[in-house]
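Because only heavy atoms are used, hydrogens play no part in the values below, and waters and symmetry mates are left out as well, while side chains stay in. Bear in mind the structure is a predicted one, so any value in this text is a computation, not a measurement. Lettering follows sequence order; numbering is per chain, from 1.
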Number of protein chains: 2
Amino acid sequence: MTGTADPRPGSPRGEETRTLILDTAERMFVERGYSGVTMRALTAEAGVNLAAVNYHFGTKDALLLEVFRRGSLAINRERARLLREAEALAAPGTAPVRDILRALFEPPLRATLAGGEASGGRSIYMQFVARAALDGPAEMRTMLERDVRHLERFVAALANALPALSRPELLWRFHFAMGVLHSIYHDLKRLDALADGVCDMSDADAIIGRVVDFAVAGLEQPLPLG
Amino acid sequence: MTGTADPRPGSPRGEETRTLILDTAERMFVERGYSGVTMRALTAEAGVNLAAVNYHFGTKDALLLEVFRRGSLAINRERARLLREAEALAAPGTAPVRDILRALFEPPLRATLAGGEASGGRSIYMQFVARAALDGPAEMRTMLERDVRHLERFVAALANALPALSRPELLWRFHFAMGVLHSIYHDLKRLDALADGVCDMSDADAIIGRVVDFAVAGLEQPLPLG
DNA sequence: GTCTATACTTAGATAGAC
DNA sequence: GTCTATCTAAGTATAGAC
């Protein structure tokens with residue numbers, strides 16, 4: 001009713017088209033995988049012209065980057081909020097390891113597990129990382145490195161919670177903890193194949209608890225003798 | 001001197017050509033990434049005709065699968081050998097968790113870390129998994145599932161070593177432990193970005209020790225109260 | 001059974017009209 | 001901003017030489 005809406009095909013819609021493409025891309029990438037979605041199929045599904053993607057985003061890779069950026073922004077905001085919450089409950093610089101990890105893990109896990117067990121293997125995050133690491137242009141790697149900045153707050157909080165660890169020791173353990181998180185993005189299919197159905201993939205809360213438990217154990221393990 | 005060798009271009013070389021393509025593909029995939037290697041660049045580098053890949057392997061995806069299969073075979077053989085070795089040293093069914101994990105992790109880590117720190121992000125394993133999960137044909141996923149069979153021996157050994165764990169509990173922990181292993185394949189770049197160079201990526205033995213330590217801590221953690 | 005030259009098809013990118 | 005037409009690159013298929 002603002003006068004800007006104009007659903008006639010061929011008429012300028014501006015931001016609407018852009019958002020429409022983003023939403024359609026996010027859904028289709030998860031359903032069929034990045035290279036399983038052709039620009040032609042994507043634009044047909046969204047009801048926009050083939051060239052519209054190139055106009056609004058430049059390239060198909062840039063579109064994936066934008067889909068990722070949008071989701072990543074929301075997740076990192078939620079992570080920061082949960083971390084502040086955890087720190088507010090404790091004395092300054094003494095938030096427990098478990099609460100820090102929960103703040104770091106819960107938002108992305110909820111986002112990934114929300115789509116049902118099957119979507120884990122095709123999360124936008126995984127597709128973006130895979131594409132960036134394997135073949136993508138430099139901008140993708142830059143984006144991932146920038147994404148690392150959000151993690152520094154968590155490393156700092158963990159350093160406070162685990163003062164006995166040297167910096168390399170802490171960073172290695174943090175890195176492994178992220179690997180535990182990522183095991184949910186990547187290989188749930190493998191677990192399913194191994195498990196004969198005895199592992200319940202549908203209970204997000206239970207999975208989050210298990211992931212956090214495992215990572216806490218690794219982070220809090222006693223120092224090796226060497 | 002057998003009479004089968006015939007290095008003239010255009011002459012039938014049979015198995016030689018096949019191996020030459022495999023070796024070249026393995027090297028180039030790691031260097032430039034799967035879709036960064038065009039069939040034309042690959043065949044030019046190997047000094048064979050463009051159609052030779054299709055003749056010997058069918059498709060580019062099938063070539064990647066073959067490169068993976070060859071490497072995976074060697075790794076799984078070594079894993080099995082190390083596991084037998086660990087089990088021979090202990091009383092029947094009592095190999096320690098640490099030795100079992102070491103047998104599982106050491107072969108792939110050595111293979112990945114051998115190429116220098118940079119190659120981690122582009123290991124054949126990672127490229128294969130990414131491609132299989134995202135866009136690859138069904139044969140790739142089948143291959144990965146078959147690869148899971150090799151893991152069952154390790155799950156069984158761990159079940160013996162950790163009799164207090166229920167089957168789902170054990171399988172979840174095993175899955176997370178694999179995530180820790182995979183963190184070396186995937187995201188060493190991220191650790192490097194976070195670490196300002198304080199983490200030494202060149203010492204394979206030290207890294208293997210750290211990975212195993214972290215995973216052991218997670219597997220051996222006390223049972224949750226719930 | 002191997003290899004080569006060449007043609008086919010799809011898909012992402014782009015230029016210029018409107 | 002949007003659309004049509006076109007370009008280019010890349011994986012694949014085929015027919016025939018050896």
Sort me out a list of protein N/O and nucleotides 5-10 of chain C N/O pairs below 3.5 Å, or just none if empty.
from, atom 1, to, atom 2, distance (Å)
C/dA5, OP2, B/Asn49, ND2, 3.3

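Environment of CZ in A/Arg70: crowded, with over 12 heavy atoms of neighbouring residues, nucleotides or ligands closer than 6.0 Å. Within a 6.0 Å radius of CZ in A/Arg141, more than 12 heavy atoms belonging to other residues, nucleotides or ligands are found.
For the pair B/Val53/B/Lys60, no side-chain contact is recorded, criterion being any heavy-atom separation below 4.5 Å from C-beta on. Contact of the B/Met126 side chain with the B/Val129 side chain is not registered, since no non-hydrogen atoms from C-beta on lie closer than 4.5 Å. Contact of the B/Leu144 side chain with the A/Arg190 side chain is not registered, since no non-hydrogen atoms from C-beta on lie closer than 4.5 Å.
Residues A/Ser202 and A/Asp200 bring a donor and an acceptor atom of their side chains to less than 3.5 Å of each other.
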Exercise. Start with the C-alpha distance between B/Asp147 and B/Ser72, add both sets of side-chain angles, then the distance that settles side-chain hydrogen bond (donor to acceptor under 3.5 Å, both in side chains), and finish with yes or no.
Key: CA-CA 8 Å; B/Asp147 212 48; B/Ser72 159; 2.9 Å; yes
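Nucleotide C/dT14 holds its C1' atom 11 Å from the CE atom of A/Met39, rounded to whole Å. The CG atom of B/Leu42 sits 9 Å away from the P atom of D/dG11 (whole-angstrom rounding).
The stretch residues 37-69 of chain A participates, sequence neighbours left out, in these ring-ring contact (aromatic ring centres under 6.0 Å, His included) pairs: A/Phe68-A/Tyr125, A/Phe68-A/Phe128.
DNA chain C is contacted by B/Tyr55, B/His56 of residues 53-71 of chain B, taking any non-hydrogen atom closer than 4.0 Å.
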